Amino acid sequence: MKSAKPEKQIGDRELLQTTDLPMTTDAILSDFTHYFGRMLGRRTIKIDSPFLYQAVVYAARDRLMERWRKTRNALEVDDSRRVAYLSLEFLMGRLLRNALLNLGIENETTEALERIGLDLEDVCARERDTGLGNGGLGRLAACFLDSCATLSLPVVGYGIRYQYGMFHQRIENGYQVEEADSWLREGFPWEIERIEYAQTIKFGGRSDVQIDASGKSRIVWVDTHDVLAIPYDIPVPGFENDIVNTLRLWSAAARNEFDLEEFNAGSYADSVASKNEAENITMVLYPNATTENGQELRLRQQYFLASASLQDTIRDWCQRHGDDFSEFAAKNCFQLNDTHPAIAVAELMRLLIDEHGMDWDDAWDITRNTMAYTNHTLLPEALEMWPVSMFRRLLPRLLDIIYEINARFIAEISQHWPGDTDKIRRMSLIQEGSQPMIRMAYLAIVGSFSINGVAELHSRLLREGLFRDFAELWPHRFNNKTNGVTQRRWLAACNPALASLISETIGEGWKTNLDELDGIRDQADDPDFQARWRAVKLANKQRLATDLEKKTGLEVSADMMFDVQVKRIHEYKRQLLNVLHAIHLYDRIRRGDGDKLSPRLIIIGGKAAPGYVMAKSVIKCINNVARVINSDPAMAGRLQLVFYPDYNVSGMEKICPAADLSEQISTAGKEASGTGNMKFMMNGAITIGTLDGANVEIREAVGDENFFLFGNTVEEIEALRGSYDPQAIIDGDSDFRRVMDLLESGHFNHFEPGIFDSIIQSIREPADMWMTAADFRSFIDAQAEAGRAYQDEAHWTRMSILNTACSGRFSTDRTMRDYNEDIWHVEPISLESS
Ligand code: 26V
């Protein structure tokens, strides 16, 4: 008789014993061929086929997979403290180049593809950007993940797998037209669906008091509409250290394919419709516009992310510790990326109390010791508030908890400042009024042990302004963590020629210790080094020129100064001020006063939120001014202006290595930090900027003589308000008057009367929040100085080298070390034990 086969369990131990895949050219080529031919079933190699790219990804992914498993294993064995980074946005961009670089198989893969007549560059270009973010905040989260993996820090990113990411921008007759970003259409080969970790998320219903078997009353959230959260994992490799961390993105699905009850009641259509309603939650990324504030679907997204991620953490905890939460706070930290996931404060309370039977004080202890909040904006209109009525409808149980947190908090304030009712009103989590609102920033502050801003100036302004009352109450909780960018993507990968020149000079250490860039300082005046530095910049400019021509049809010369402003279009970032300068140069050249000017190509790029009317007019204005300038023969070889369409992460990878001058011209006190400024600096561009955000620290690092400073300071701007008279400023400045005359005469909108009226009006408006006119003169003067400096090639190159040399502080490796030393306190993952 045959005995039954024993069931075979494949454990980590056995999987780990499989030999590691070779990292050789031969092995990579053989895996590529396998995936292309056998798995994807393709035969002919066509350059722009997505399958070539996919086959390369699979070959790379196999090599990530074994490292990923080892990293997870190490975490499980260690049971060490870890961080969950909660963010509604992760602007990852393309992943292939970065994965190959960090795995250390860039050369091998290049060779493997060369053998079959392919260029890695072309294959990488086939990848669609993972555009799950708006701008700075989302890209920062992506840079953080790269640095955490590189530093072996146990940090998992939690986000949302939007079906549609940041929209694509097309320019039609100068206007922005939005197109849906269906980035998943050809599949996304990096992700692994982990249906086994799906979580249920509740919405709606009501809270009810029930008496349990032991006679204790407890609150239950009943009659809810439940939605399934399904995680998709993306590997996050560290740089040449065999660590692979995880970005876990949640996707919403209906709990039942369709609702049987509804179906039986006769409505097939309604039953399928509820599936749609569930899946809508993760359908689209919200653009960051004030018009998008207060949307119910956005609140659903926020709660969906917070609840799924906390439940996932608790599931994992209970697997190792059962229902013992005594060590939970010692072993976990949740970093909130802005207030977007701040509902996590109330949700953790709910999970601990309602689902794990804890009492209020113990639950609050855990919450207050695990949550940390990062603020990313000072703009009052960007501070999130949700109507209490919406919360009551959508998340009734969470509203109970927020009220209770608030009641206890107000008791605390009353003790600290007896009788100060005004303070209570100011600090309450609820803003009273005809439509009471929940102040999410205050919820985040009250529920966190750490609150940080993202640049020194910004953190000071938070303490002294926006959050003054809280900083007075809990001064020790407030701190600064200056932003950074990862040099692996923003120098090594995007500027290989400069990276080689640097490595040849000082070695490769800068890739994990950016302070070593300081070593190229010695070369700043060396004519040979300077010549090579310039040659790299020129080649990068030629590459961008080709790209620009392809995208816009405009032929540009790499001999001009590349003067660049790329970022979201917003009034506070003052793209308008940049346009005024372009018009001023145009005016000077037309008047025959342009002979001494450095030839300039002004590049402006960025997306306007679809509902932000003024920002959209600015795009139209840039394009109209560009058309006039670029078609005027008098401007030839002297001045060009171009709008870079559909600016995104991979756009910046071509743009920042090619920039000479970096425009960071926001109204002082409005840009929390900026991170584009750091990418430009790292790639040897010189900044023209105000004393705003991280510009202050950039200037400190590089020295005043290597930075073009202009504009009013925060204090001067504040002092000006009230007496600000832009009309008088314009009247008193003949250059400014001529610029305004050109704009107002319809010179740039001959057949489109009136389209720039609101823009013109905003400049002349005494209440102009952004005080464009106040900084016009000093901006024009600083630009003139930059133009003159550009003519002294050796001097300019020296400044350029020094900018790169002094950019060490702006690595996210430094930022993450700072977070870890002051907030997280986690130990690096050790692969030894696994
Ligand atoms: C607001 C909203 C409101 C409506 C719904 C969608 C949405 C999405 C995002 C935002 C707030 C964005 C805040 C932000 O992006 N701040 C930027 O953060 C960067 C990283 O710290 C920093 O460098 C920039 O200066 C800052 O503007």
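Both counts, for ligands and for their atoms, begin at 1 and track the order of listing. Bear in mind that the values here come from a model prediction, so they are computed numbers and not experimental data.
Heavy atoms of Ala455 stay at 4.0 angstrom or farther from ligand 1. The closest approach between Glu89 and ligand 1 falls below 4.0 Å for a heavy atom of the residue. For His340, the heavy-atom gap to ligand 1 drops under 4.0 angstrom.
Closest heavy-atom contact between Leu457 and Glu697: N-OE2, 4.5 Å.
Remark: ligand 1 atoms within the under-4.0 Å shell around heavy atoms of Ala672 are 25 (O). Near Tyr572, meaning under 4.0 Å from any of its heavy atoms, are these atoms of ligand 1: 27 (O). Atoms of ligand 1 found under 4.0 Å from any heavy atom of Ala289, numbered from 1 in the order shown, are 4 (C).
For a threshold of 3.5 Å applied to N or O pairs, the pair formed by Lys573 and ligand 1 contains no separation below that value. For the pair Asp338 and ligand 1, the shortest N or O to N or O distance does not fall below 3.5 Å.
Here the protein heavy atom with the shortest distance to atom 6 (C) of ligand 1 is Pro287 O, 3.5 Å. Among protein heavy atoms, atom 22 (C) of ligand 1 sits closest to Gly674 N, 3.7 Å. Atom 26 (C) of ligand 1 has its closest protein heavy atom at His376 O, 3.4 Å. With respect to atom 9 (C) of ligand 1, the closest heavy atom belonging to the protein is Asn288 CB, 3.3 Å. Shortest contact from atom 14 (C) of ligand 1 to any protein heavy atom: Leu137 CB, 3.9 Å. Nearest protein heavy-atom contact of atom 3 (C) of ligand 1 is Asn293 OD1, 3.6 Å.
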request  = Verify side-chain hydrogen bond (donor to acceptor under 3.5 Å, both in side chains) between Asn102 and Asp146, making sure each step is shown before the conclusion.
outcome  = CA-CA 9 Å; Asn102 284 9; Asp146 182 76; 3.1 Å; yes
task = Output, in order, the C-alpha distance, side-chain angles, deciding distance and verdict of side-chain hydrogen bond (donor to acceptor under 3.5 Å, both in side chains) for Asp813 and Ser147.
result = CA-CA 5 Å; Asp813 297 348; Ser147 284; 2.6 Å; yes
query = Given Ser662 and Gln664, is the side-chain hydrogen bond (donor to acceptor under 3.5 Å, both in side chains) satisfied, shown in steps?
reply = CA-CA 6 Å; Ser662 157; Gln664 307 301 335; 2.9 Å; yes
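Residues Glu296 and Arg300 are paired through a salt bridge, judged by an N-O separation under 4.0 Å between the basic side chain and the carboxylate. Salt bridge annotation for Lys481-Asp818: absent, with no cationic side-chain nitrogen under 4.0 angstrom from a carboxylate oxygen. No salt bridge links Arg814 with Asp515; every basic N to acidic carboxylate O contact stays at or beyond 4.0 Å. Electrostatic pairing of Asp692 and Lys670 does not count as a salt bridge here, judged by no charged N lying under 4.0 Å from a carboxylate O. The pair Glu718-Arg721 meets the salt-bridge criterion, with a side-chain N (NZ, NE, NH1 or NH2) lying under 4.0 Å from an Asp/Glu carboxylate O.
At a 4.0 Å heavy-atom cut-off, ligand 1 does not touch Ala694 at all. For Asn134, every heavy-atom contact with ligand 1 shorter than 4.0 Å involves the side chain, none the backbone. By the criterion of a heavy-atom distance under 4.0 Å, neither the backbone nor the side chain of Ala382 is placed next to ligand 1.
For the residues Glu671, Met678, His458, the heavy atom positioned nearest atom 27 (O) of ligand 1 is part of Glu671.
When Arg489, Lys679, Arg94 are each tested for a salt bridge (Lys or Arg N to Asp or Glu O under 4.0 Å) with Glu653, only one passes: Arg489.
Counting only distance, with no hydrogens or angles, the side chain of Thr374 and the backbone of Asn337 share no donor-acceptor pair below 3.5 Å.
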